[in-house]
Amino acid sequence: MTTEKSFQIGVIGAGMIAENHIQNLQKSSRATVTWVAATTMEKALKVGKQYNIPQPTARYQYMLEDPALDAVIICTPPFLHAEMAAAALSAGKHVLVEKPLTLTYEEATSLLEHKRQYPNLIAMDCSARHARLHPKYQTVKRYIESGALGDIYYVHHNAVSQQSRPGIEYHPSAKWFLDKEKAGGGPLFDWGVYDLSFHLGVLGDRHELQRVDAIQMAAGLDSRDPGSYIYNVEEHFSANLTFSGGLRYYWERAAHANMQVPNETRIYGTRGGLKLAFCSWDAPELNLYGLNESGDAFQRKESLDYQDQDDGYAMALHFLDCLEGKTEPIQSLEVAASHLQIIHQCYQFYQNQ
């Protein structure tokens, strides 16, 4: 009779997303959270007591010295990701890094090079959470791979909200979201990694960015006090991109704009098209468009057969599956780094306009 291994996991960070990871790991008998690190010992003790974590610390390096620790989850602001992930790998620990993987593309490539020294360790980021770990992703991918849509030539995605900015209306205590030096950027950086993970993933991760045709960014679209003397990230962006194979991508997101547009993706092919909202909390359905055998246009709504899914729990289970060798990360570090490169090319184009 075999006994299922319970992995010992440490969580670096003690904020909202760290607590989410702790809660999800504690739902499984396959993991035990044995360490939590925070910026202060007071915060570490508070979270440790709340979740019965035996080893709180204000120095994450201490947990990396624990030979019994199998893996760490990094839940700090992006500017700390590269350093902490590299230190964890050097200590022989598997690593799950919150999205985005790193602050810069250069940091991502350096981390990739460092990871190659540890081929037996799992390292992945969380940008698959609202993208590749959901049944919608697999369904859309199958449609495209079957050829039912023909050749995909255009993807259109937009999601525009009013006053849902991280660090202001959403999770207002996390003011680091407002500082580009710590956060990387606004919705292009924060949500962009999810968008690219889904849209380029269903197309097989085979398209490379060839040209940025246009990008527009806006900020300061209301007079609300952000509660911080630093507020230099965008609130609203739109971009026109051209990828290899002639794929065009219109991309728009806003954490605040004077408009409200539901999250929606439209995928255009030479034989058919799909319209959907890819997030787990959106409707469990797809809208399929095409031509029938007589050449007449049709449209059909398909309901997907799945129960409500907690994507945070799905991320935890996927990480544990990878640790057990049951599967490979659904998104590699190389792919995550390529998405960061696209995002930084967009910022660079905008700065050079």
Side-chain angles (χ1 to χ4, degrees), residues 17 77-79 81 97-108 124-134 137 155-161 164-167 170 176-203 205 207-219 232-243 247-257 261-267 277-280 282 311 331-351:
I17 194 63
F79 77 102
H81 288 181
V97 186
E98 253 309 321
K99 61 82 189 172
L101 176 63
T102 58
L103 190 71
T104 69
Y105 175 63
E106 290 73 22
E107 286 181 341
M124 53 191 289
D125 85 321
C126 288
S127 59
R129 176 170 44 225
H130 293 307
R132 303 191 181 201
L133 293 174
H134 196 272
Y137 175 80
V155 175
H156 184 292
H157 174 75
N158 54 0
V160 178
S161 299
S164 61
R165 293 162 289 197
Y170 174 76
W176 60 264
F177 273 111
L178 309 179
D179 183 351
K180 190 171 183 179
E181 295 300 312
K182 294 180 178 179
L188 173 57
F189 202 78
D190 183 42
W191 263 95
V193 290
Y194 289 141
D195 296 336
L196 293 174
S197 178
F198 188 94
H199 299 132
L200 297 182
V202 295
L203 296 173
D205 290 322
H207 291 86
E208 296 183 0
L209 181 64
Q210 292 187 334
R211 190 171 73 247
V212 180
D213 297 295
I215 184 163
Q216 178 65 44
M217 293 193 189
N232 56 11
V233 299
E234 80 279 358
E235 295 178 340
H236 181 195
F237 82 88
S238 62
N240 281 299
L241 310 179
T242 300
F243 287 85
L247 175 71
R248 298 296 299 269
Y249 184 33
Y250 175 78
W251 189 18
E252 179 186 21
R253 265 200 182 271
H256 171 61
V261 182
N263 179 58
E264 185 175 272
T265 295
R266 280 154 271 175
I267 301 173
F278 75 76
C279 292
S280 59
D282 291 312
D311 278 4
Q331 178 172 284
S332 67
L333 285 188
E334 287 80 4
V335 169
S338 73
H339 296 166
L340 279 179
Q341 184 180 30
I342 291 168
I343 289 167
H344 281 287
Q345 285 178 271
C346 289
Y347 281 125
Q348 184 176 20
F349 180 89
Y350 177 73
Q351 291 166 0

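Sequence positions, counted from 1, serve as the residue numbers for this chain.
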Which atom pair, heavy atoms only, marks the closest approach of [X] to [Y]?
{"X": "Ile215", "Y": "Cys346", "answer": "CD1-CB, 3.6 Å"}
{"X": "Pro187", "Y": "Glu235", "answer": "CG-O, 3.5 Å"}
{"X": "Pro78", "Y": "Phe189", "answer": "CB-CE2, 4.5 Å"}
{"X": "Ala336", "Y": "Leu101", "answer": "CB-CD2, 4.1 Å"}
{"X": "Pro100", "Y": "Val193", "answer": "CB-CG1, 4.0 Å"}
{"X": "Pro166", "Y": "Asp190", "answer": "CG-OD2, 3.8 Å"}

Pair Val202-Arg132, side-chain contact (heavy atoms from CB on, under 4.5 Å): steps then yes or no: CA-CA 9 Å; Val202 295; Arg132 303 191 181 201; over 6 Å; no
Within the distance-only criterion (no hydrogens, no angle test), does the side chain of [X] pair as donor or acceptor with the backbone N or O of [Y] below 3.5 angstrom?
{"X": "Tyr350", "Y": "Phe237", "answer": "no"}
{"X": "Ser197", "Y": "Tyr194", "answer": "no"}
{"X": "His157", "Y": "Arg266", "answer": "no"}
{"X": "His156", "Y": "Tyr250", "answer": "no"}
{"X": "His134", "Y": "Asp311", "answer": "no"}

Value rounded to 0.5 Å, distance of [atom1] in [X] from [atom2] in [Y]:
{"X": "Leu196", "Y": "Gln331", "atom1": "CG", "atom2": "CD", "result": "9.5 Å"}
{"X": "Thr104", "Y": "Phe79", "atom1": "OG1", "atom2": "CZ", "result": "13.5 Å"}
{"X": "Thr242", "Y": "Asp213", "atom1": "OG1", "atom2": "CG", "result": "4.0 Å"}
{"X": "Asn158", "Y": "Asp195", "atom1": "CG", "atom2": "CG", "result": "10.0 Å"}
{"X": "Leu203", "Y": "Phe198", "atom1": "CG", "atom2": "CZ", "result": "9.5 Å"}
{"X": "Leu340", "Y": "Asp125", "atom1": "CG", "atom2": "CG", "result": "8.0 Å"}

Tyr347 and Glu234: side chain donor to acceptor below 3.5 Å: yes
Pairs satisfying salt bridge (charged side-chain N to carboxylate O under 4.0 Å, His left out), at least one member in residues 176-188, at least two apart: none
Student check: side-chain heavy atoms of Leu188 and Trp251 closer than 4.5 Å: yes
Check: Glu98 and Arg129 side chains under 4.5 Å, non-hydrogen atoms: yes
Whether over 12 other heavy atoms sit under 6.0 Å from Glu334 CD: yes
Heavy atoms of other groups near Glu208 CD, more than 12 under 6.0 Å: no
Full working for ring-ring contact (aromatic ring centres under 6.0 Å, His included) between His199 and Phe278: CA-CA 9 Å; His199 299 132; Phe278 75 76; 5.5 Å; yes
